[in-house]
There are 2 protein chains.
Amino acid sequence: MSQIQILSKNQKIVLKIIEQAKEPLKAYSILFNAQKKGIKAPPQIYRALDKLIQKGKIHKIESRNAFVACKNSKCEISKATAFSICEKCEKVTEINIPKITKVLFAFKDKSGMSCKKYNLELFGLCKKCA
Amino acid sequence: MSQIQILSKNQKIVLKIIEQAKEPLKAYSILFNAQKKGIKAPPQIYRALDKLIQKGKIHKIESRNAFVACKNSKCEISKATAFSICEKCEKVTEINIPKITKVLFAFKDKSGMSCKKYNLELFGLCKKCA
DNA sequence: CTACAAATGTTATATTATAACACCTGTTAT
DNA sequence: ATAACAGGTGTTATAATATAACATTTGTAG
Ligand SMILES: [Zn+2]
Ligand SMILES: [Zn+2]
Ligand SMILES: [Zn+2]
Ligand SMILES: [Zn+2]
């Protein structure tokens, strides 16, 4: 009931693994890492991932089926996520473009739908790879 | 060599199925539909999908693992794609927000990466579901 | 004709994700 | 205290999505 986001045991294990990684992690790679902590099966990972996303602790990079820790207090519990992704080395950076957020939350499509949440993925080459 | 995008037999079959659908189609649902045309196995579908994406004829809705025909001549061969997605009925609409395109192609992240391509997915409730 | 690029057909397999069910743990309400 | 409930866990099995690998064919350019 409280708004303080307390994490369960498995949620803590999964979050720690994701936070310590230098790149986005796939679910089965998290599972592999979590096995030394006693986690044995995919549902344990996917359930923790779902909750961590809901709680704004991590994000899913949809185009990569991979997960990163939130680096950005401005995500407003994952309602506005954006990432730049290097297509060569796959480096992912969480970004924040206030103008984009402003424009999108004001936008309505032809059928009158407005945006409550968005995910934006930018592709290019990072400095090292360019 | 020519810039005219000629489609192969399987590419035409897959594109037609996607164009005739009223909603985004999943790969295995396309496969099911394509079986009456003689297509038998997933790789035939995935190869056609890849080429159709390259040629700008279709887009992948990453958050749904589903494919839609391009409704928008301004995608510039899929370098700038955006969709609104109703979280209740899953209706997907391809949208174009010129201001977003302008801002994003001018953007550089902290490490100097600039955007050559982007995909944006907006979530909310459509008029009917709101 | 030859050589090459693109596409196809096929089998098998890898990868990503969920269903279903039994059990446990802590809180709230009576 | 105890029943009812919500959230979490453990487990097995399976569904859904996607690719590897290889043999063959087709179209086209030199
Ligand atoms: Zn974030
Ligand atoms: Zn890079
Ligand atoms: Zn388009
Ligand atoms: Zn709707």
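Just so it is clear, the structure is predicted and the values come from calculations on it, not from any experiment. Chain A is the first sequence line, chain B the second, and so forth, proteins listed ahead of strands; every chain is numbered from 1.
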### Task
Whole angstrom is fine here: how far is it from CD in Glu62(A) over to P in dT17(D)?
14 Å
### Task
Compare side-chain N and O positions of Asn65(A) against OP1 and OP2 of dA17(C) and report whether any pair is under 4.0 Å apart.
yes
### Task
Identify whether any heavy atom of Lys55(B) sits under 4.0 Å from a base atom; if not, whether one sits that close to sugar-phosphate; answer base, sugar-phosphate or nothing.
sugar-phosphate
### Message
I want to check one thing: is the phosphate of dT10(C), taken as OP1 and OP2, less than 4.0 Å away from some side-chain N or O of Lys40(B)?
### Response
yes
#### Entry: Carboxylate-amine/guanidinium contact Glu23(A) Lys91(A), below 4.0 Å
no
### Query
Tell me: CG of Leu31(A) to P of dT18(C), nearest whole Å?
15 Å
### Greater than 12 external heavy atoms within 6.0 Å of Lys79(B)'s NZ
yes
### Task
Mark this stacking check for Tyr46(B) against dT19(D) as yes or no, applying ring centres under 5.5 Å and ring planes under 30°.
no
## Note on the structure
note: Leu52(B), atom CG; dA6(C), atom P; distance rounded to Å ~ 16 Å
#### Entry: Interatomic distance, Ile53(B) CD1 vs dA18(D) C1' [rounded to whole Å]
12 Å
### Message
Is there a side-chain contact between Asn10(A) and the phosphate of dG10(D), meaning an N or O under 4.0 Å from OP1 or OP2?
### Response
yes
### Task
For Leu49(B) and dA16(D), give me the distance from atom CG to atom P, rounded to whole Å.
18 Å
### Message
Check this one for me: any side-chain N or O of Gln44(A) less than 4.0 Å away from OP1 or OP2 of dG10(D)?
### Response
yes
### Spacing of Asp50(A) atom CG relative to dT16(C) atom P, expressed in whole Å
16 Å
### Task
Would you tell me if any nitrogen or oxygen in the side chain of Lys26(A) comes within less than 4.0 Å of OP1 or OP2 on dT15(C)?
no
### Query
What integer distance in Å separates Lys60(B):NZ from dT16(C):C1'?
11 Å
### Query
Between Ser8(B) and dA6(C), is there a side-chain N or O to OP1/OP2 distance below 4.0 Å?
no
### Task
Send over the distance from Ile6(B) CD1 to dA7(C) C1', rounded to a whole Å.
14 Å
## Note on the structure
Residue pair Pro42(B)/Lys9(A) against DNA chain D: nearer the 5' end by closest nucleotide is Lys9(A)
### Task
Please state whether the base of dG7(D) and the side chain of Arg47(A) form at least one donor-acceptor pair under 3.5 Å?
no
### Query
Do Phe107(A) and Ile97(B) pass the side-chain contact (heavy atoms from CB on, under 4.5 Å) test, and can you show the C-alpha distance, the side-chain angles, and the key distance before you say yes or no?
CA-CA 9 Å; Phe107(A) 175 80; Ile97(B) 314 179; 3.6 Å; yes
### Query
Do the side-chain N and O atoms of Ser8(B) and Asn10(B) include a donor-acceptor pair separated by under 3.5 angstrom?
no
Contacts table for residues 116-128 of chain A: side-chain donor-acceptor under 3.5 angstrom, sequence neighbours left out:
from	atom 1	to	atom 2	distance (Å)
Lys117(A)	NZ	Glu87(B)	OE2	3.4
Tyr118(A)	OH	Thr101(A)	OG1	2.8
Asn119(A)	OD1	Thr81(A)	OG1	2.8
Asn119(A)	ND2	Glu121(A)	OE2	3.0
Glu121(A)	OE1	Ser63(A)	N	3.2
Glu121(A)	OE1	Ser63(A)	OG	2.6
Glu121(A)	OE2	Glu62(A)	N	2.8

### Query
Under the 5.5 Å and 30° test, is Tyr28(A) stacked on the base of dT16(C)?
yes
